[in-house]
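The figures here come from the full heavy-atom set of this structure, side chains too, leaving out hydrogens, waters and symmetry mates. Every chain is numbered from 1 and lettered A, B, ... according to where its sequence line falls, protein lines coming before strand lines.
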Number of protein chains: 2
Amino acid sequence: MSSLSDAGNMELDAQPGAEPVPKPGAPLHGEVLTRLRDYIVEGHIADGARVPERQLCDMLGISRTPLREALKVLAAEGLIDLLPNRGARVRSLTVKDISDLCDVMGGLESLAGRLACERITDEEIAQIEQVHYEMYRFYLRKDLPGYFHCNQTIHEQIVAAARNDVLAVSYASFASRLRRVRYSANLDKQRDRWGQAMREHELILDALRRRAGEEIGDLLFRHLRNKRMAVLESLEASDPA
Amino acid sequence: MSSLSDAGNMELDAQPGAEPVPKPGAPLHGEVLTRLRDYIVEGHIADGARVPERQLCDMLGISRTPLREALKVLAAEGLIDLLPNRGARVRSLTVKDISDLCDVMGGLESLAGRLACERITDEEIAQIEQVHYEMYRFYLRKDLPGYFHCNQTIHEQIVAAARNDVLAVSYASFASRLRRVRYSANLDKQRDRWGQAMREHELILDALRRRAGEEIGDLLFRHLRNKRMAVLESLEASDPA
DNA sequence: GGATGCAATTTTGCATTCATTTTTCCGATC
DNA sequence: GATCGGAAAAATGAATGCAAAATTGCATCC
């Protein structure tokens, strides 16, 4: 897991597995895209910093053409900005951007919950319950990272249960964009509403068991809205960007 | 407006304004991307047909590099499929794809409605009311195209009133993907629920006036769900793809 | 000492080129 | 007549080349 300490190095990290072996049937572009997206999402380049084509080419062991194709896609995804004749920069999210992203995540999760109620199986609910109880144990132990991981898993399980590929892809994309924020957000503010979040999860799970679509949609929307408030408060406490 | 008749021509249409004058400061890539997206969304290339790089290059008067960059972006947007070594094809939407897309649009519009209730001004509501009454006149006159146009405008106004750029961009992208379907969907089925749709719009507008966020979210979700059913029925009636 | 102007270097955007892969075409075979 | 095989043609994926723009470095001037 990458720490904050290496974020924003002017010198790029050593190539994370620059394979000198050119795989025969591998579509280079897709590989580069995934690798570059992870590299940026994980925070190896500082907010607003230039994305140096040459260095990345060397790092990945490819020419500029496929790299530039990947950059265009990442720009379309909203991860970077492309300034004409002035290169690519990692998009620095404003508070408004983060707020907007959280709201959209809320809308998508709300939708996922509604759809999941129509399509989820008992087995899937059992799996979610299992993770839920695991999460509860982390809560009791005050293990925030463990809790976060379970929390994320549950939300992903709900999205998966919605059986909507368009939603799943879109959700993953927005989640990526928000993942960058994690590294700078102050986590203490999130502790304050930890108990509340647990209670909300109880309600969500209960509504899911009853397949109460409208109710779960509303619960998830509010749940994300509350999380958004916590994230925004934590940002304003630490970073006025 | 492009008709169905020219959709899927093997011969591509004459270049829509292939300017031989290379503008100095214009970022070619963005221009190409927009042009190509419109070209595909408008249905100039048949479902599942190849997107011929060479011909498009000639048509747009550019080399393959910027074109291929645009293709990668369009593939990321879900408009085309990129098959390794076998070129790009216009993504033919399955019924499931269309269903998924409609549901996601419903989720986003539901979200837009909720957020709009928090942020919309009286002036914006007045503007929506104006378009609403115009739409009602089209309804009375049985003018389906006019009705559709007003309908689309109202939904866009609600999205705009949500003051969420991420939502707006995402909404526009999904709307593009669905726009291709319009050209093949049988419209008669939509006539059947025309009256119902009008009544739903009355309720939505009323909830918006009262800033009843939760209610409008639910109304919009159901509204899009009903539209989805109509679209799916019309597809199965005309095209089993 | 700091601001300004200008040339050298770097970077960007796009075109072109090259190696592979795929498709097409055409004759041989059954 | 249909099918298979293989060479020719075309298309694709990626690298390289080149002109224009931006950045840098440095000397000059105030």
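- Whole-Å rounding puts the B:N85 CG to C:dT21 C1' distance at 5 Å.
- Residues passing the salt bridge (Lys or Arg N to Asp or Glu O under 4.0 Å) test with A:R54, sequence neighbours excluded: none.
- Between the CG atom of A:L82 and the P atom of C:dC14 there is a distance of 10 Å, given to the nearest Å.
- Residues forming a salt bridge (Lys or Arg N to Asp or Glu O under 4.0 Å) with A:R119 (at least two apart in sequence, or on another chain): B:D103.
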Please tabulate, one pair per line, each protein N/O and nucleotide N/O from nucleotides 6-11 of chain D that are separated by under 3.5 Å, including the distance.
| unit_1 | atom_1 | unit_2 | atom_2 | d |
| --- | --- | --- | --- | --- |
| D:dA11 | O3' | B:R50 | NH2 | 3.1 |

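- A straight line from CD of B:E31 to P of C:dC14 spans 11 Å, rounded to a whole angstrom.
- Listed by first then second residue, pairs satisfying side-chain hydrogen bond (donor to acceptor under 3.5 Å, both in side chains) with a partner in residues 108-117 of chain A read A:E109-A:H155, A:E109-A:Y171, A:R114-B:D218, not counting sequence neighbours.
- Taking the charged nitrogens against the carboxylate oxygens, B:E124 and B:R163 do have a contact shorter than 4.0 Å, which makes a salt bridge.
- With sequence neighbours excluded, no residue forms a salt bridge (Lys or Arg N to Asp or Glu O under 4.0 Å) with B:E134.
- The salt bridge (Lys or Arg N to Asp or Glu O under 4.0 Å) search around A:R91 returns A:D81, not counting sequence neighbours.
- Rounded to whole Å, atom P of D:dT12 lies 15 Å from atom CG of B:D81.
- The interatomic distance linking B:L56 (CG) with C:dC14 (P) rounds to 17 Å, in whole Å.
- Within residues 62-73 of chain B, the residues having any heavy atom under 4.0 Å from DNA chain D are, by residue number, B:R64, B:R68.
- The side chain to side chain contact (heavy atoms under 4.5 Å, CB included) search around B:S63 returns B:T65, B:P66, not counting sequence neighbours.
- Evaluation of the side chain to side chain contact (heavy atoms under 4.5 Å, CB included) rule for A:A160 yields no partner, not counting sequence neighbours.
- Rounded to whole Å, atom C1' of D:dA15 lies 15 Å from atom CG of A:L60.
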